[in-house]
Amino acid sequence: MRPLDENETTLVFNKLHKFVGNNLKNIVLESQAHEGPDPNPSRYCFRMQKNRVYYVSESLVKRATNVKRDKLVSLGTQIGKFTKGGKFFLTIQCLNLLAANAKHKVWLKPTSEMAFLYGNSVLKGGLGRITESIQVNDGVVVFSMSDVPLGFGDAAKSTVDCRKMDPNGIVVHRHADIGEYLRTEDDL
């Protein structure tokens, strides 16, 4: 497990900033971990292991140095992974981190939750609520009407355009949803 280099850090922060905006400072600077035997809380950091990026407390990283690198499977919360081409994408495991700090949110009607969890995009007809000032291609976190995070994706239309479109138009292009835990459990 190693720290991210400058290029990798830029890619990860740009992707996170797309979803959380200025709340990125809450994730990076102001979060404190109260785990382990240390009486003083430590901070969280980003570490990379086999092309996967993890969000983990510094105290846990120090204790993990006792484990051989090839024996270490996972540590902390996986937030994404790098492709062989060098691109970074977020995985479903980072949903709780995104939901707690989301800048743009969309709530689904109960009738359209299952369609989203089966891997479909969000349609206007299934939209319950939407935050103001969403622009095209902004990162959006999708919630149920009872505020349970279901997934995340990119806005296909702005908030203003959503009000005028027909019910079968796509509002959010899905990136990941909690149904992936069942559909791709071998790859997670």
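The first residue in the sequence is number 1, and the count goes up from there. What you are looking at is a predicted structure, and each value in this text was computed from that prediction instead of being measured. As a basis for the values below, the full set of heavy atoms in this structure was taken, side chains included, without hydrogen atoms, waters or symmetry mates.
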Next item on the list: Show the numbers, then the answer: is there a side chain to side chain contact (heavy atoms under 4.5 Å, CB included) between L16 and Y55?
Entry: CA-CA 12 Å; L16 285 174; Y55 183 65; over 6 Å; no
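- For the atom pair S57 OG and R63 CZ, the distance stands at 6.5 Å (nearest 0.5 Å).
- Sequence neighbours left out, not one pair with a member in residues 71-82 passes salt bridge (Lys or Arg N to Asp or Glu O under 4.0 Å).
- Summarising the geometry, atom CG belonging to L95 is positioned 11.5 Å from atom OG1 belonging to T77; distances are rounded to the nearest 0.5 Å.
- For K103 and D138, the salt-bridge test fails: no basic side-chain N is under 4.0 Å from an acidic carboxylate O.
- A 4.5 Å side-chain heavy-atom check between D177 and L150 finds every atom pair outside the cut-off.
- Of the candidates V28, V56, L60, V56 is the only one forming a side-chain contact (heavy atoms from CB on, under 4.5 Å) with C45.
- In this structure, K50 NZ and L72 CG are separated by 8.0 Å, a value rounded to the nearest 0.5 Å.
- Listed here is the closest heavy atom pair of H17 and N22: NE2-OD1, 3.9 Å.
- Hydrophobic clustering places V67 together with V61 (ILVMFWY residues linked when any side-chain heavy atoms are closer than 4.5 Å, directly or through intermediates).
- A distance of 9.5 Å separates CG of N14 from CG of L24, quoted to the nearest 0.5 Å.
- Linking ILVMFWY residues whenever their side-chain heavy atoms come closer than 4.5 Å, directly or via other members, leaves F152 and I170 in distinct clusters.
- A donor-acceptor distance shorter than 3.5 angstrom exists from the side chain of D5 to the backbone of E8, with no hydrogens or angles considered.
- Here the side chains of P149 and N96 are in contact, with some heavy-atom distance below 4.5 Å.
- Residues T131 and W107 have side chains in contact (heavy-atom distance under 4.5 Å, counting atoms from C-beta outward).
- No donor-acceptor pair closer than 3.5 Å links the side chain of S158 to the backbone N or O of V136.
- Closest heavy-atom contact between F46 and L4: CB-CD1, 3.7 Å.
- Contact record, V73 with Y54: O-OH, 3.5 Å, taken as the closest heavy-atom pair.
- Listed by first and then second residue, the salt bridge (Lys or Arg N to Asp or Glu O under 4.0 Å) pairs involving residues 155-171 are E132-R163 (not counting sequence neighbours).
- Within the 4.5 Å cutoff, the side chain of L108 has no heavy atoms near those of the F143 side chain.
- By the 4.0 Å N-to-carboxylate-O rule, E58 lies too far from R47 to be salt-bridged with it.
- Atom NZ of residue K15 and atom CG of residue L98 lie 11.0 Å apart, to the nearest 0.5 angstrom.
- R183 places a side-chain N or O within 3.5 Å of a backbone atom of L117 that can act as its donor or acceptor partner.
- Between H175 and F19, the ring planes lie perpendicular to each other; the angle is over 60°, past the 30° to 60° tilted range.
- Counting heavy atoms from C-beta on, the side chains of V12 and I79 come closer than 4.5 Å.
- Using a 4.5 Å heavy-atom cutoff, the side chains of V53 and F88 are in contact.
- Checking side-chain atoms of S112 against main-chain N and O of L127 turns up no donor-acceptor pair under 3.5 Å.
- Atom CD of residue Q78 and atom CD1 of residue I92 lie 11.0 Å apart, to the nearest 0.5 angstrom.
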Next item on the list: With side chain to side chain contact (heavy atoms under 4.5 Å, CB included) as the test, would you mind laying out the steps for D154 and V172 before giving the verdict?
Entry: CA-CA 6 Å; D154 286 337; V172 176; 6.0 Å; no
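- With hydrogens and angles ignored, the 3.5 Å screen pairs a side-chain donor or acceptor of R174 with a backbone N or O of G119.
- The hydrophobic cluster containing Y118 also contains V142, counting ILVMFWY residues as joined when their side-chain heavy atoms lie under 4.5 angstrom apart, directly or transitively.
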Item checked: Evaluation steps, side chain to side chain contact (heavy atoms under 4.5 Å, CB included), between R43 and L29 -> CA-CA 8 Å; R43 296 172 62 170; L29 300 175; 3.4 Å; yes
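- Between I130 and C162 there is a side-chain heavy-atom pair separated by less than 4.5 Å.
- Summarising the geometry of L123 relative to N168, their closest heavy-atom pair is CD2-O, 3.7 Å, with the distance given to 0.1 Å.
- Scanning all heavy atoms of the two residues, the minimum distance from I134 to V106 falls at CD1-CG2, 4.5 Å.
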Note to self: Could you go through I27 and Y44, starting from their C-alpha distance and side-chain angles, then the distance that decides it, and tell me whether this counts as side chain to side chain contact (heavy atoms under 4.5 Å, CB included)?
What the structure shows: CA-CA 8 Å; I27 296 171; Y44 281 93; over 6 Å; no
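- In terms of hydrophobic clustering, with Ile, Leu, Val, Met, Phe, Trp and Tyr side chains grouped at heavy-atom distances under 4.5 Å, M114 and I178 are assigned to a common cluster.
- Remark: S74 engages no residue in a side-chain hydrogen bond (donor to acceptor under 3.5 Å, both in side chains) (not counting sequence neighbours).
- Across all non-hydrogen atoms, the minimal contact from G128 to M145 is CA-SD, 4.0 Å.
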